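Step one of this worksheet: look at the structure below.
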Amino acid sequence: QTRQEEHQNCQFYSIKNNDKLQRRLAIKEQLRYALRRGELFLHYQPRINLANNYPVAVEALLRWQNPQLGLVPPTEFIPIAEQTKLILSIGEWVLRSACIQQQIWQQEGLPSLRISVNLSVSQFKQSNLIKKIDKILAETGFNPSYLELEVTESLFVENFDQTIRLLKQLKNRGINLSLDDFGTGYSSLSYLQQFPIDTLKIDRSFLFDVPSNPDNTAVTKGIIALAQSLNLHITAEGVENSAQLEYLKAQGCQEVQGYYFSKPLSAYNLARFLSSYYRQLEETAS
Ligand code: C2E
Ligand code: MG
Ligand code: MG
Ligand code: MG
C-alpha cells in the first residue's frame, strides 16, 4: 500500500483517525530501520510446571524502543511488520537471538530451559522456512529439543495439508510445537487432533476473572478437558492471581505463564529472577 492509498482508505476524516494514521505511517517508516539500528530486543517470560513449581520454558517476546516513537508494544508493530514482510528478517533475528541467549544462560550455569519463540503466519508461508531454521540451529549449535515454536490457528485456515507437512518436518527435528492464543481463532475442533502439536496455550482473555466469571470459567474448563482428551499439554496464559491458579490446578492444567509468577523480563533480570526462584524452591524442599 502506498501512502496515497492509505489516505484514500481513510474515508472519514477526523483528528483521531488522522492521528492513528500518522502513527501507523511513522511505525511503518521507522520499523524498516529498527533491526539495523539495534532498536529491537527481547524480553523473556517463564512458564511454570504446576506439578512441582519448576520453570519448564521461557517465552521470548519482542520489544521495540524507538527514539521518536518510544517503546512500541508488539501488538501494535507486529501486524505492521507482517503486512510489510519485515517480519521475515525480524522473525529470523528473534529466533537466532533467542537460541543464542538460551545458550548463554546455560553457560552461566542456569538449569536448561526450553526457549519458546512466536512464529508469524508469513514466516511460516516462506518456502525456505525449514532451511532458515536449520541454518540457525546449525550456526548456533542449538539442540532442537530445547526449542519450541508457537504458531496460531490462523495457520491452518489455508493450505491445511501443506501446513501439517511443514509442522511434521519441524517435529521430526525434535522441535516442540504449541498452538498459541487457543480459542481466539476459527480452527475447527475436529481438525485439532490432526495438528502435530504438543501443547495448547489457552488465550489469556479466557482467564479474565476466572473463577468468578461463569462464562470464562466454563470456556477455560472446556479447553482443559479438550486438551486432556486429545493428550495435549496445556498452558494457561495470563495468570495473575492465586484464585486463577488454584482453579487451574483443580482442573488439571499442567503449566502456567503470567504476571503471578513473573512479567516478561530482560535477559539479565530473568537470570536474576530464576536464580532466586530456584533458591526458594530448594529452601522449601529442604
Ligand atoms: P503471545 O505470544 O500470546 O504472548 C503473551 C502475551 O501476554 C505477552 O504480551 C505477555 O507479556 C502477555 N502476558 C503474559 N502474562 C500476562 C499476564 O499475567 N497479564 C497480562 N495482562 N499480560 C500477560 P506481549 O509481550 O505484549 O506480546 C503480545 C503479542 O505479540 C504476543 O502474544 C505475540 O502474539 C506477539 N509477539 C511478541 N513477540 C513476538 C515475536 O517475536 N514474533 C511474533 N511473530 N509475534 C510476537
Ligand atoms: Mg506466544
Ligand atoms: Mg498467546
Ligand atoms: Mg500470539
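Just so we're clear, the structure is a prediction, and the values are computed from it rather than from any experiment. Remember, it's 1-based here, ligands and their atoms both numbered in the order they're listed.
The shortest separation from a heavy atom of Lys201 to ligand 1 is not under 4.0 Å, leaving the residue out of contact. Residue-ligand proximity: Gly91 is placed with every non-hydrogen atom at 4.0 Å or more from ligand 1. The shortest heavy-atom distance from Pro264 to ligand 1 is under 4.0 Å. For the ligand labelled ligand 1, residue Arg63 lies inside the 4.0 Å heavy-atom shell.
Looking at Arg279 and Glu283, no side-chain N of the basic residue comes within less than 4.0 Å of a carboxylate O on the acidic one, giving no salt bridge. Using a 4.0 Å cut-off between a side-chain N of Lys or Arg and a carboxylate O of Asp or Glu, Lys132 and Glu92 qualify as a salt bridge. Taking a cutoff of 4.0 Å between a charged side-chain nitrogen and a carboxylate oxygen, Arg23 and Glu76 qualify as a salt bridge. One finds a salt bridge joining Lys171 and Asp198 here, because a Lys/Arg side-chain nitrogen approaches an Asp/Glu carboxylate oxygen to under 4.0 Å.
Rounding to 10°, one obtains 90° for the angle at the Mg ion (ligand 2) between OE2 (Glu59) and OD1 (Asn118).
The part of Arg204 lying near ligand 1 is the side chain, judged by heavy-atom distances below 4.0 Å. Under 4.0 Å from ligand 1, the heavy atoms of Asp181 that appear belong solely to its side chain.
In the displayed structure, Phe208 atom CZ is contacted under 6.0 Å by at most 12 heavy atoms of other residues, nucleotides or ligands. Applying the 6.0 Å contact sphere to NZ of Lys168 captures no more than 12 heavy atoms from other residues, nucleotides or ligands.
Remark: Arg37 pairs with no residue by the side chain to side chain donor-acceptor pair (under 3.5 Å) rule, at least two apart or across chains.
Less than 4.0 angstrom separates some heavy atom of Asp180 from each of these atoms of ligand 1: 1 (P), 2 (O), 3 (O). Contact atoms of ligand 1 toward Val94: 41 (O) (distance under 4.0 Å to a heavy atom of the residue). Interface of Pro74 with ligand 1, defined as ligand atoms under 4.0 Å from a residue heavy atom, comprises 24 (P), 25 (O), 26 (O), 27 (O), 28 (C), 30 (O), 37 (C). Atoms of ligand 1 found under 4.0 Å from any heavy atom of Gly258, numbered from 1 in the order shown, are 15 (N), 18 (O). Ligand-side atoms of ligand 1 in range of Gln45: 14 (C), 15 (N), range being under 4.0 angstrom from any heavy atom. Atoms of ligand 1 found under 4.0 Å from any heavy atom of Glu240 (numbered from 1 in listed order, with element): 17 (C), 18 (O), 19 (N), 20 (C), 21 (N).
Summary: OD1 is the N/O/S atom of Asp181 found nearest to the Mg ion (ligand 3). For Glu150, the N/O/S atom at the shortest distance from the Mg ion (ligand 2) is named OE1. The Mg ion (ligand 2) lies closest to atom OD2 when only the N/O/S atoms of Asp180 are considered.
Ring geometry, Tyr278 versus Tyr54: the interplanar angle falls from 30° to 60°, so the pair is classed tilted.
Put simply, Glu237 gets within reach of the Mg ion (ligand 3), with an N, O or S atom under 2.8 Å from it.
Considering backbone and side-chain atoms alike, Tyr259 places an N or O below 3.5 Å from some N or O of ligand 1.
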Inset, instruction - Take Phe41 and Trp93, measure what ring pair (Phe, Tyr, Trp, His ring centres under 6.0 Å) needs, and give me the verdict at the end. - result: CA-CA 10 Å; Phe41 57 101; Trp93 177 86; 8.8 Å; no

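Of the candidates Leu119, Asn118, Val239, Val151, Asn118 brings a heavy atom nearest to atom 33 (C) of ligand 1. Here atom 4 (O) of ligand 1 lies nearest to Leu61 when heavy atoms of Thr75, Asn241, Thr152, Leu61 are compared. Between Thr184, Ile78, Leu95, Val121, it is Ile78 that holds the heavy atom closest to atom 35 (C) of ligand 1.
At least one donor-acceptor pair closer than 3.5 Å links the side chain of Gln254 to the backbone N or O of Ile234.
Put simply, the residue from His233, Lys201, Glu148 that forms a side-chain hydrogen bond (donor to acceptor under 3.5 Å, both in side chains) with Ser178 is Glu148.
Evaluation of the side chain to side chain donor-acceptor pair (under 3.5 Å) test over residues 210-222, restricted to residues two or more places apart or in two chains, returns none.
In terms of heavy atoms, Gly141 sits closest to Gln103 at O-NE2, 3.4 Å.
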